[in-house]
2 protein chains.
Amino acid sequence: MEKETRVFKDNVYAQLARIGKAISSPRRLEILDILMQGSKTVETIARETDMSVANTSQHLQTLLESRLVEYEKRGVYSYYKLADRTVANFIISLQLLAEKRITELQKLREEIYTNRDNIEQIKMSELIVRMKKGNVTLIDVRPKEEYEMMHIPGANSIPIEDLEKHLATLPINQEIVAYCRGRCCLLSVEAVEILRAHGFKAVRLEASVQEWLSQNDEYSNVHDCCNKKNSNIS
Amino acid sequence: MEKETRVFKDNVYAQLARIGKAISSPRRLEILDILMQGSKTVETIARETDMSVANTSQHLQTLLESRLVEYEKRGVYSYYKLADRTVANFIISLQLLAEKRITELQKLREEIYTNRDNIEQIKMSELIVRMKKGNVTLIDVRPKEEYEMMHIPGANSIPIEDLEKHLATLPINQEIVAYCRGRCCLLSVEAVEILRAHGFKAVRLEASVQEWLSQNDEYSNVHDCCNKKNSNIS
DNA sequence: TAAATATTCAATTGATCAATTGAATATTTA
DNA sequence: TAAATATTCAATTGATCAATTGAATATTTA
């Protein structure tokens with residue numbers, strides 16, 4: 001192999017590996033999942049991921065270095081977000097690949113359901129059909145700020161901690177579909193548990209908003225999140 | 001955050017990170033690119049990547065552990081291959097994401113063309129149109145064994161080292177499109193250089209066969225490579 | 001201007017990973 | 001069966017990375 005080709009390849013693969021390195025840490029994968037919901041401050045991310053602010057900041061610097069995220073300073077706050085939609089799609093494909101190839105992950109996912117009674121899922125394709133017919137109620141159980149940054153069209157925002165207070169507003173004779181942050185999040189599972197315990201017909205949609213978007217691109221109920229205030233503003 | 005949720009997330013992200021770790025090494029990314037062309041023995045991979053057999057084997061064990069590759073023992077040989085098509089698609093999306101986000105990589109790619117005169121590219125979409133019209137000649141300049149394992153439909157195999165011997169067989173009045181292993185490989189660039197130096201109209205298709213496949217799924221000139229002999233059999 | 005707050009930076013430490021080396025193992029052939 | 005060959009394994013060493021700690025920096029407010 002020619003020396004020039006060797007140099008080219010070494011350089012090219014080193015650049016590709018920047019992204020690989022960024023997603024080689026479980027912590028950073030979790031951060032990326034959080035940022036899939038919209039932009040967040042460092043301390044919000046730290047709280048969501050149970051890490052110190054300093055450690056979170058370090059990980060975010062790594063994500064910046066690999067160009068997967070961007071940030072904007074607003075006062076004393078730094079708001080981080082995914083660099084663009086292709087990053088979200090890449091993370092989704094990583095998740096789907098792992099689900100397909102890693103049996104240990106398959107097992108973890110199955111345990112969600114074996115550890116709980118009566119949690120059922122709905123596929124996105126079926127949800128789309130049902131929503132067109134109007135015989136389903138879709139609820140987003142993430143924090144309201146995330147709903148406001150982006151959500152599946154037609155969804156109602158009921159953050160998980162408010163769910164029990166809102167039971168009276170929900171139709172007892174219609175199926176309720178609950179979704180949250182995606183495949184690695186249990187909020188929607190909890191929601192379905194609560195709903196079913198109260199006699200509602202409820203199922204989980206495990207796909208995230210970004211997954212919805214990447215499969216239903218003609219919908220556009222997504223606004224750029226950088227001009228929205230994050231929950232830290234009080 | 002609940003303890004149970006914490007445990008779930010830690011476990012899930014640890015599993016996802018297995019794939020991240022696998023692609024955090026430049027060397028392994030190069031190996032995956034080689035395996036995108038079809039199954040190979042350890043020593044062939046070692047030779048292609050300029051690594052020792054022992055080091056190559058170590059990296060391959062890492063790729064096995066993350067389920068991105070599989071192998072089959074045949075006599076004293078171990079033939080490694082990508083686990084399935086979703087792995088190839090994932091690597092392609094990594095490459096495309098990096099090309100989009102990493103300016104240093106963009107620069108490396110531009111230098112291919114600034115360091116050489118007159119290398120032009122053709123897009124896959126245009127190639128498809130041209131091939132339907134029949135006014136283009138497509139050549140695959142990879143090693144013949146790779147061509148035989150899989151290739152773009154309609155391509156003629158002319159390994160780069162044979163190209164000058166085959167000039168007489170090529171049409172001087174028709175555009176020739178050369179392709180090779182993909183975006184990180186320079187064989188097709190060299191081929192275009194040679195062809196143009198000899199007065200042919202030649203352009204480069206930088207997409208790989210796997211990219212072709214992921215965008216043109218109705219074609220099926222791909223046979224499972226595990227029943228084919230690798231170039232090491234003499 | 002000082003105090004309060006959010007974040008980054010730098011140093012340290014322990015953990016993890018990559019390359020090398022050479023022995024061990026498996027397969028084939030004469 | 002011994003020799004040749006392909007590959008893996010295990011140990012070692014040096015390099016790299018993650019978490020912690022606390023100082024430094026930037027922003028805002030009274």
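In what follows, every chain begins at residue 1, and chains take the letters A, B, ... in the order their sequences are listed. Quick note: numbers below take in every heavy atom, side chains included, and nothing from hydrogens, waters or symmetry partners. It should be emphasised that the depicted structure is a prediction, and the values quoted were computed from it without experimental measurement.
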Query raised in the report: Side chain of Gln210(A), backbone of Met36(A): donor and acceptor closer than 3.5 Å?
Result: yes
Query raised in the report: Taking N and O atoms by type only, does the side chain of Gln58(B) place a donor or acceptor under 3.5 Å from a partner on the base of dT20(C)?
Result: yes
Query raised in the report: How would you list, by chain and number, every residue that makes a ring pair (Phe, Tyr, Trp, His ring centres under 6.0 Å) with Phe90(A), sequence neighbours excluded?
Result: Phe90(B)
Query raised in the report: Of all the choices, dA18(C), dC9(D), dT7(C), which nucleotide is nearest to the side chain of Gln61(B) once you look at every atom?
Result: dC9(D)
Report task. Determine the contact category for Ser78(A): base if any of its heavy atoms lies under 4.0 Å from a base atom, sugar-phosphate if only primed atoms, P, OP1 or OP2 are that close, otherwise nothing. Result -> sugar-phosphate
Requested in this report: List the protein contact pattern of nucleotides 25-30 of chain C with one symbol per nucleotide (5' to 3'): B for base contact, S for sugar-phosphate-only contact, - for none; contact means a heavy-atom distance under 4.0 Å.
Outcome: --BS--
Query raised in the report: For dT7(C), does either OP1 or OP2 sit under 4.0 Å from a side-chain N or O belonging to Ser57(A)?
Result: no
Report task. Examine dA18(C): is either OP1 or OP2 under 4.0 Å from a nitrogen or oxygen in the side chain of Arg27(B)? Give yes or no. Result -> no
Query raised in the report: Within this structure, what is the CD-to-C1' distance between Glu72(B) and dT7(D), rounded to whole angstrom?
Result: 16 Å
Query raised in the report: Does dT8(C) have OP1 or OP2 sitting under 4.0 Å from an N or O in the side chain of Tyr80(A)?
Result: yes
**Report entry** Out of dT20(C), dT21(D), dT8(D), whichever nucleotide has its closest atom nearest the side chain of Ala54(A)
**Finding:** dT21(D)
**Report entry** Value in whole Å for how far the C1' atom of dA18(C) lies from CG of Leu60(B)
**Finding:** 14 Å
Query raised in the report: Excluding sequence neighbours, so at least two apart, what forms ring pair (Phe, Tyr, Trp, His ring centres under 6.0 Å) with Tyr179(B)?
Result: none
Query raised in the report: For the pair made of CD1 in Ile23(B) and C1' in dA18(C), what is the distance, rounded to whole Å?
Result: 17 Å
Report summary line: The reported gap from CG in Leu213(A) to CG in Asn89(A) (rounded to nearest 0.5 angstrom) is 8.5 Å
Query raised in the report: More 5' along DNA chain D: Ser25(A) or Asn55(B), using each one's nearest nucleotide?
Result: Asn55(B)
Query raised in the report: Nearest 0.5 Å, what's the CD-CD distance between Gln15(A) and Gln106(B)?
Result: 10.5 Å
Query - Set of residues satisfying side chain to side chain contact (heavy atoms under 4.5 Å, CB included) with respect to Gln37(B), sequence neighbours excluded - result: Arg142(B), Glu146(B), Arg181(B)
**Report entry** Interatomic distance where NZ belongs to Lys21(B) and P belongs to dC17(D) [whole Å]
**Finding:** 13 Å
Query - Nearest-nucleotide pick for Val53(A), side chain only, options being dC17(D), dT7(C), dT7(D) - result: dT7(C)
Query raised in the report: Given atom NE2 of His59(A) and atom P of dT16(D), what is their separation to the nearest angstrom?
Result: 19 Å
**Report entry** Secondary-structure stems, DNA chain C, at least 3 Watson-Crick or G-U base pairs under 3.5 Å
**Finding:** C:1-30 with D:1-30
Query raised in the report: Under 4.0 angstrom, heavy atoms only, what part of the nucleic acid is Tyr71(B) near: base, sugar-phosphate, or nothing?
Result: nothing
Report task. Would you please name every residue forming a side chain to side chain contact (heavy atoms under 4.5 Å, CB included) with Glu193(B), sequence neighbours left out? Result -> Arg116(B), Ile119(B)
Query - Point-to-point distance, once rounded to the nearest 0.5 Å, from CG of Leu186(A) to CZ of Arg6(B) - result: 10.5 Å
Query raised in the report: Ignoring hydrogens and geometry, is there a side-chain-to-backbone donor-acceptor pair from Ser57(B) to Val53(B) under 3.5 Å?
Result: no
Query raised in the report: Rounded to the Å, how far apart are Arg18(A) CZ and dT16(D) P?
Result: 15 Å
Query raised in the report: Tell me: CG of Leu63(B) to C1' of dA18(C), nearest whole Å?
Result: 13 Å
Query raised in the report: How long is the gap from CD on Gln61(A) to OG1 on Thr56(A), to the nearest 0.5 Å?
Result: 11.0 Å
Query raised in the report: How close or far is atom P of dT7(C) from atom CE of Met51(A), stated in whole angstroms?
Result: 13 Å
